[in-house]
Enquirer: 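Got a structure for you, questions after.
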Amino acid sequence: AKAAGRNAIRFFDPAMQIALEENAAMLAELHQAIDNGELELFYQIQIDETKGIQGAEVLLRWFHPIRGMVSPLDFIPMAEESGLIIPIGRWVLESACHQLKVWENIPNRENWQISVNVSALQFQQENFVEIVQEIILSNNINPHGLKLELTESMVLDNVDIIIEKMHQLNQLGIDFSMDDFGTGYSSLSCLKRLPLKQLKIDQSFVRDITTDPDDAAIVQTIINLSNSLKYDVIAEGVETQEQRQFLFNNGCSQYQGYLFSRPVPIAEFEELVSSMSVN
Ligand code: C2E
Ligand code: CA
Ligand code: CA
Ligand code: CA
C-alpha cells in the first residue's frame, strides 16, 4: 500500500504530468516533422592534418515552427523510444546520399566521405542492408563516399548478426566508424572482430587532454590501439590549437571540432570549404 501510495503521488505530481503532456505533444509534432520539411542536416567538416578535407559528419537539426531549433539530444532519444528513428534515419541517409551525389561532380572531392550517425534500432532493422543499398542505387552514388557511425552499445548483443550486417555493407563499399569510442563497454575481443575503418575518440577525453594526465593517457592508448588494429583514428570536440598539437604529436592527424567549424547548413559549409581552398 505504501509503495502504491508513493506511485500514486508520483503519477499525479503536476510537474511530472506537465512533462508527460509536453513529451506527448512533442512526439506528435515529431511525427509530422519530416512531411513538414522541418528536418535539416548540418555539416561539420572533418580534416586530416596532412591530407586536407576528408568530408563531413552530418548532424540532424529540427526546426520547429514555435520551439525553434530543437537539439538532437532532446529529440533523438524520443525518436528512438517511439520507433520514429526508423523513418527519420532513412530520411537522414537519403539526404546525405543526395549531397554525396552533388559532391561527386565537383573536382577534387572524389575521396570525400559523409559520416552518418546510425542508431541501434535503425541498424537492427532486418532489411537495413537492403534499405541502404536501395538508397545508394536510387541516388547512383559511389558507396565509398558513405561512412556509418555506430556506437559501442550497439554491438553488445547479437554480435554475430551485427558483424554479418557490417560485412554485407562493407562489401557494398561502405565504411564504419566507432563513435564515442572509449565511453561504452565493448570488449577488445569483440572490437577486433568488427570490420571497422575508424575509431572516433570521444570529446569527453579530448576536452582536458592538455591538462589532465588521465585523459592524455586514455587518448594515447586509443591512438596506439587504432594503430595496432590498423584503424584510422579521428578526434571529435577539438576546440584549441593545443589539443590539435597534442593529438598530432601523439599520432592522431584527423580532427573534427569547433576549432575548424561548428556544424553548419550546407550553404555555409560550401563557403567554409571554398575559403579554405583559397589559402
Ligand atoms: P555525436 O554523434 O557524438 O556528435 C557530436 C556532437 O558534438 C554534436 O552535437 C556536435 O555538434 C558536437 N560537437 C562537435 N564539435 C564540437 C566541439 O568542438 N566542442 C563541443 N563541445 N561539441 C562539439 P549535436 O549536433 O548536438 O548532436 C548530438 C548527438 O545527437 C550526436 O552526438 C548523435 O549521437 C545524435 N545525432 C545527431 N544527428 C543524428 C542523426 O542523424 N541520427 C542519429 N541516430 N543520431 C544523431
Ligand atoms: Ca557521431
Ligand atoms: Ca561522437
Ligand atoms: Ca560524443
Side-chain angles (χ1 to χ4, degrees), residues 30 33-34 38-47 54-63 68-99 113-125 128 131-132 135 146-154 175-184 196-210 215 219 222 233-244 246-247 252 254-266 268-269 272:
L30 187 56
I34 298 182
E38 292 166 8
L39 298 182
E40 186 177 338
L41 290 183
F42 274 26
Y43 291 74
Q44 189 177 34
I45 197 164
Q46 298 185 324
I47 289 192
Q54 303 288 290
E57 176 179 5
V58 289
L59 293 152
L60 189 56
R61 298 290 181 263
W62 177 18
F63 290 91
M69 191 168 92
V70 187
S71 161
L73 297 173
D74 292 328
F75 70 86
I76 294 281
M78 181 183 280
E80 282 170 343
E81 264 170 53
S82 62
L84 267 182
I85 194 68
I86 302 284
I88 290 175
R90 191 191 174 106
W91 180 88
V92 169
L93 270 170
E94 270 166 358
S95 310
C97 288
H98 191 78
Q99 187 57 45
Q113 289 187 312
I114 292 187
S115 286
V116 178
N117 293 287
V118 176
S119 73
L121 198 66
Q122 198 186 355
F123 197 76
Q124 282 158 10
Q125 286 175 96
F128 183 70
I131 289 172
V132 173
I135 294 173
L146 195 57
K147 188 186 283 166
L148 301 182
E149 295 196 2
L150 308 183
T151 53
E152 287 172 84
S153 57
M154 294 174 54
D175 288 333
F176 289 98
S177 179
M178 186 57 84
D179 201 0
D180 304 338
F181 186 73
T183 63
L196 293 170
K197 176 81 176 1
Q198 181 183 69
L199 298 184
K200 195 171 206 183
I201 306 172
D202 190 65
Q203 60 190 59
S204 62
F205 302 125
V206 174
R207 194 171 304 126
D208 301 322
I209 205 177
T210 57
D215 285 335
V219 167
I222 297 175
V233 61
I234 184 168
E236 71 177 6
V238 179
E239 296 184 354
T240 68
Q241 292 292 356
E242 290 71 27
Q243 291 166 338
R244 172 195 195 166
F246 178 96
L247 289 159
C252 172
Q254 290 186 36
Y255 328 108
Q256 182 183 340
Y258 295 170
L259 177 63
F260 306 95
S261 169
R262 290 178 175 258
V264 290
I266 189 63
E268 229 173 289
F269 181 82
L272 170 75

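Only a predicted model underlies this, so the values are computations on that prediction, with no experimental measurement involved. First listed ligand is number 1; within each ligand, the first listed atom is number 1.
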Enquirer: Do any N/O atoms on Asn117 end up under 3.5 angstrom from N/O atoms on ligand 1?
Expert: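 Yes: some nitrogen or oxygen of Asn117 is under 3.5 Å from one in ligand 1.
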
Enquirer: Compare every heavy atom of Ala96 with every heavy atom of Val58, then report the nearest pair and how far apart it is.
Expert: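 Here Val58 and Ala96 meet closest at CG2-CB, 4.5 Å.
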
Enquirer: With rounding to 10 degrees, what does the angle Asp179:OD2 / the Ca ion (ligand 2) / Glu57:OE2 come to?
Expert: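 Asp179 OD2 and Glu57 OE2 form an angle of 170° at the Ca ion (ligand 2).
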
Enquirer: Please work out, at 4.0 Å between heavy atoms, whether the side chain, the backbone, both, or neither of Gln203 comes within that distance of ligand 1.
Expert: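 It is the side chain that gets close, since no backbone atom is under 4.0 Å.
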
Enquirer: What atoms in ligand 1 come closer than 4.0 Å to a heavy atom of Val92?
Expert: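 Listed by number with element: 41 (O).
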
Enquirer: I'd like to know if Gly237 contacts ligand 1, where contact means a heavy-atom distance under 4.0 Å to any ligand atom.
Expert: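 Yes; Gly237 lies near enough to ligand 1 that a heavy-atom distance drops under 4.0 Å.
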
Enquirer: For a distance under 3.0 Å, tell me if Ser115 has an N/O/S atom near the Ca ion (ligand 2).
Expert: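 False for Ser115.
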
Enquirer: If I take every N, O or S atom of Glu149, is at least one of them less than 3.0 Å from the Ca ion (ligand 3)?
Expert: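 It does not; every qualifying atom lies at 3.0 Å or beyond.
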
Enquirer: For ligand 1, which is the ligand I care about here, please tell me if Leu60 has any N or O atom under 3.5 Å from one of the ligand's N or O atoms.
Expert: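 Leu60 vs ligand 1: N/O contact under 3.5 Å present.
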
Enquirer: Heavy-atom distance under 4.5 Å between the side chains of Asp202 and Ile222, does that happen here?
Expert: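 Result no, sub-4.5 Å side-chain heavy-atom pair not found.
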
Enquirer: Would you say Arg61 has any N or O atom under 3.5 Å from an N or O of ligand 1, going by distance alone?
Expert: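 Yes, since at least one N or O of Arg61 sits under 3.5 Å from an N or O of ligand 1.
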
Enquirer: Geometry only, no angles: is Glu239 polar-contacting ligand 1 at N/O separations under 3.5 Å?
Expert: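 By distance alone, the answer is yes.
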
Enquirer: Any side-chain donor paired with an acceptor under 3.5 Å for Ser115 and Glu57?
Expert: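 No donor-acceptor contact under 3.5 Å links the two side chains.
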
Enquirer: Less than 3.5 Å between some nitrogen or oxygen of Gln122 and one of ligand 1, yes or no?
Expert: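 N/O-N/O distance below 3.5 Å does not exist for this pair.
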
